[in-house]
Protein chains: 2
Amino acid sequence: MSKYLIYIVNKVFKALNDQTRREILNLLKEKDLTAGDIAEAFQITKPSISHHLDILSQAELVTYRKQGQFVIYSLNTTVLDDLMKWIITLKD
Amino acid sequence: MSKYLIYIVNKVFKALNDQTRREILNLLKEKDLTAGDIAEAFQITKPSISHHLDILSQAELVTYRKQGQFVIYSLNTTVLDDLMKWIITLKD
DNA sequence: TAGGTATTTAGACAAATATCTAAATAATAA
DNA sequence: TTATTATTTAGATATTTGTCTAAATACCTA
């Protein structure tokens, strides 16, 4: 288990340890969404959602691009491969 | 995504969101260990380790059996399959 | 430029969590 | 029984985390 993988896995577990953030990822699985679109899907405030998006972004579970005044978020599944690697290592 | 799976995945993510608990699982991957053996592998106190073992046990990531005055812990990988299922669902 | 919309940042606060020490429980050995 | 060893439980505390409101930033449009 490389130090790099341990570092990534730590961040990813932190990011995934929240129901709201996991639901955000599930929304983004269907299609890219603006921060506002995502916020509307939940009962919590926009600043809170923005904070969740920041955590997901730091864990590289989402990427974003600016389009005018909007910020569009996309799911990024590449780190999930690292997570799977960690789990499989535990299993065998 | 069934309610049952969501419930399990939530507990498993909670349990795995800690470096010490992840290291405990890695130790148990090699062989079954008593609570005391596990505690000796870390700098933190026995009560703290006991608490971590309780959280891992609640998430069904470990099982335990009593043997005299000792409590022997074992890794249980069955819930990891549920976790993998959750991740794969996100990926495709 | 002025006003409006989208989003983030800053700062505060309550709840959750990881840790500790001290005490309790359970099993063994003398 | 008494003492010893293994482990957990209880209660306290400091840190982390999720949430909020208010303010700042960034972009667009008239």
Side-chain angles (χ1 to χ4, degrees), chain A residues 6-28 31-76 79 83, chain B residues 6-28 31-76:
Chain A
I6 289 171
Y7 173 76
I8 292 290
V9 160
N10 186 57
K11 262 202 210 170
V12 172
F13 272 126
K14 282 236 172 309
L16 292 178
N17 186 33
D18 182 276
Q19 179 69 37
T20 301
R21 288 195 289 270
R22 291 195 297 269
E23 285 180 32
I24 289 173
L25 296 181
N26 268 309
L27 284 179
L28 291 175
K31 62 169 185 290
D32 295 355
L33 293 169
T34 67
D37 288 339
I38 295 166
E40 274 177 26
F42 298 90
Q43 301 285 24
I44 61 183
T45 62
K46 284 176 188 188
S48 295
I49 292 293
S50 184
H51 178 55
H52 284 310
L53 289 169
D54 182 47
I55 289 167
L56 289 171
S57 173
Q58 281 180 51
E60 290 176 66
L61 282 161
V62 301
T63 58
Y64 60 89
R65 58 187 188 280
K66 300 200 76 166
Q67 192 167 96
Q69 43 192 166
F70 300 92
V71 178
I72 302 175
Y73 284 85
S74 310
L75 179 64
N76 176 29
V79 283
L83 192 62
Chain B
I6 289 172
Y7 172 76
I8 292 291
V9 161
N10 185 57
K11 259 202 214 173
V12 173
F13 272 126
K14 281 237 172 308
L16 292 178
N17 186 32
D18 183 277
Q19 179 69 38
T20 301
R21 288 194 290 269
R22 291 195 299 269
E23 285 181 31
I24 289 173
L25 296 181
N26 267 309
L27 282 180
L28 292 175
K31 62 172 185 291
D32 296 355
L33 293 169
T34 67
D37 288 339
I38 295 166
E40 274 177 27
F42 297 91
Q43 300 286 21
I44 62 184
T45 63
K46 283 176 187 187
S48 295
I49 292 293
S50 184
H51 177 57
H52 284 309
L53 288 169
D54 182 47
I55 290 167
L56 289 171
S57 174
Q58 281 181 49
E60 292 176 66
L61 282 162
V62 301
T63 59
Y64 61 88
R65 58 187 189 280
K66 300 200 76 171
Q67 192 168 94
Q69 47 192 162
F70 299 91
V71 179
I72 302 175
Y73 284 87
S74 310
L75 179 64
N76 176 28

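In what follows, chains are A, B, ... by sequence order, proteins preceding strands, each numbered from 1.
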Rounded distance (Å) that lies between atom [atom2] of [N] and atom [atom1] of [X]:
| X | N | atom1 | atom2 | answer |
| --- | --- | --- | --- | --- |
| B:Asp54 | C:dA18 | CG | P | 12 Å |
| A:Lys46 | C:dA10 | NZ | C1' | 19 Å |
| B:Leu53 | C:dA18 | CG | P | 13 Å |
| A:Lys14 | C:dT17 | NZ | C1' | 10 Å |

Could you point out which residue of A:Leu56, A:Leu53, A:Leu61 forms a side chain to side chain contact (heavy atoms under 4.5 Å, CB included) with A:Arg21? A:Leu56
Under 4.5 Å between any side-chain heavy atoms of B:Asn76 and B:Leu28, yes or no? no
Tell me, do B:Tyr64 and B:Ser57 make a side-chain contact under 4.5 Å, heavy atoms counted? yes
Checking all strands, does B:Tyr73 fall into the base, sugar-phosphate, or nothing category for heavy-atom contacts under 4.0 angstrom? sugar-phosphate
Touch check for A:Phe42, heavy atoms < 4.0 angstrom, all strands: base, sugar-phosphate only, or nothing? nothing
Side-chain donor-acceptor pairs under 3.5 Å in residues 39-51 of chain A, sequence neighbours left out?
from	atom 1	to	atom 2	distance (Å)
A:Thr45	OG1	A:Ser48	OG	3.1

Is the closest side-chain donor-acceptor distance between A:Arg22 and A:Asn17 under 3.5 Å? no
DNA chain D nearest-nucleotide lookup for A:Ile44 and B:Thr34: closer to the 5′ end is B:Thr34
Judged by nearest nucleotide, the residue sitting upstream toward the 5' end of DNA chain D, A:Asn17 or B:His51, is B:His51
For the pair B:Lys31 and B:Ser74, evaluate side chain to side chain contact (heavy atoms under 4.5 Å, CB included) and give the outcome as yes or no after the intermediate values. CA-CA 7 Å; B:Lys31 62 172 185 291; B:Ser74 310; over 6 Å; no
Every protein N/O lying under 3.5 Å from an N/O of nucleotides 27-30 of chain C:
none

Would you compute the distance between atom OH of A:Tyr7 and atom CG of A:Asn10 and round it to the nearest 0.5 angstrom? 9.0 Å
Distance (rounded to the nearest 0.5 Å) between B:Thr20 OG1 and B:Ile55 CD1: 10.5 Å
For B:Asp18 and A:Val71, take the nucleotide of DNA chain C holding the closest heavy atom to each; which residue's nucleotide lies nearer the 5' end? A:Val71
Candidate pair A:Asp32 and A:Arg65, rule side chain to side chain contact (heavy atoms under 4.5 Å, CB included), full reasoning: CA-CA 10 Å; A:Asp32 295 355; A:Arg65 58 187 188 280; 3.3 Å; yes
When you list every nucleotide of DNA chain D with an atom under 4.0 Å from a heavy atom of chain A, which one comes first 5' to 3', and which comes last? D:dT17 to D:dC28
